[in-house]
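Please read the structure below before turning to the comments.
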Amino acid sequence: QDADGNPIDDVDVVYTVDGGAEEDCQAGSNPGEFICGYEVEGNIEVFAVTDTEEGSMSFDIDADACHVNGQAGTIVL
């Protein structure tokens with residue numbers, strides 16, 4: 001999202017797990033929302049890039065016996 005809280009239309013969002021290869025995040029159900037690493041455990045680094053700006057955020061995702069403990073965040077560009 002931008003500094004005013006509005007979703008950015010033309011943004012590429014990718015992620016890595018434990019420093020591995022980049023993978024595309026999937027569009028969520030709301031504008032500007034992405035799902036990165038669904039049911040994936042480890043250190044997830046998320047990168048959002050436009051033609052003029054970029055930002056990133058990292059998460060340490062752990063799991064219980066059945067599922068990962070998901071987290072949410074906002075990258076402001």
Side-chain angles (χ1 to χ4, degrees):
Q1 70 182 25
D2 64 17
D4 295 325
N6 300 309
I8 298 173
D9 291 330
D10 193 19
V11 62
D12 291 321
V13 183
V14 298
Y15 71 98
T16 62
V17 179
D18 296 330
E22 285 186 356
E23 298 186 45
D24 292 331
C25 296
Q26 304 302 310
S29 56
N30 297 312
E33 178 182 80
F34 291 86
I35 313 250
C36 305
Y38 182 74
E39 288 292 329
V40 174
E41 182 179 3
N43 179 265
I44 295 182
E45 192 115 19
V46 179
F47 303 92
V49 180
T50 68
D51 288 339
T52 58
E53 299 179 274
E54 62 182 62
S56 66
M57 179 174 277
S58 64
F59 303 90
D60 286 318
I61 306 295
D62 60 359
D64 60 21
C66 296
H67 298 284
V68 300
N69 298 309
Q71 296 181 28
T74 300
I75 298 175
V76 177
L77 302 177

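When a residue number appears, it is its place in the shown sequence, counting from 1.
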Exercise. Which atom names give the shortest non-hydrogen contact between Gly55 and Leu77, and what distance separates them?
Worked result: N-CD2, 3.4 Å
Exercise. Linking Ile, Leu, Val, Met, Phe, Trp and Tyr by side-chain heavy atoms under 4.5 Å, what else ends up with Val76?
Worked result: none
For this session: For Asp10 and Thr50, work out which heavy atoms get closest and say how close.
Result: O-CG2, 3.6 Å
Problem set entry | Hydrophobic cluster membership, Ile8 vs Val49, 4.5 Å side-chain cutoff | no
Problem set entry | disulfide (SG to SG under 2.5 Å) partners of residues 47-77, not counting sequence neighbours, each pair once | none
Problem set entry | Minimum side-chain heavy-atom gap Pro7-Gln1 below 4.5 Å | no
Problem set entry | Ser56 to Phe47 - nearest heavy-atom pair and separation | CB-CD2, 3.7 Å
Exercise. Under a 4.5 Å side-chain heavy-atom rule over Ile, Leu, Val, Met, Phe, Trp and Tyr, are Phe59 and Val13 clustered together?
Worked result: yes
Determine all donor-acceptor pairs shorter than 3.5 Å in which one atom belongs to a side chain in residues 16-27; sequence neighbours excluded.
residue : atom : partner : partner atom : Å
Asp18   : OD1  : Asn43   : N            : 2.8
Glu23   : OE1  : Tyr15   : OH           : 3.3

For this session: Identify whether Phe34 and Val40 are in the same connected component of the hydrophobic contact network (ILVMFWY, side-chain heavy atoms under 4.5 Å).
Result: yes
For this session: Using atom types as modelled and distance alone, determine if a side-chain donor or acceptor of Asp2 lies under 3.5 Å from a backbone N or O of Gly5.
Result: yes
Exercise. Of the non-hydrogen atoms in Met57 and Gly73, which two are nearest, and what is the gap between them?
Worked result: SD-CA, 3.6 Å
Problem set entry | Non-hydrogen atoms of Val46 and Cys36 that approach each other most closely | CG1-SG, 4.0 Å
Exercise. Considering only heavy atoms from C-beta outward, does the side chain of Asp64 approach that of Asn69 to under 4.5 Å?
Worked result: yes
Exercise. Between Asp60 and Gln71, what is the shortest heavy-atom contact and its length?
Worked result: O-NE2, 3.0 Å
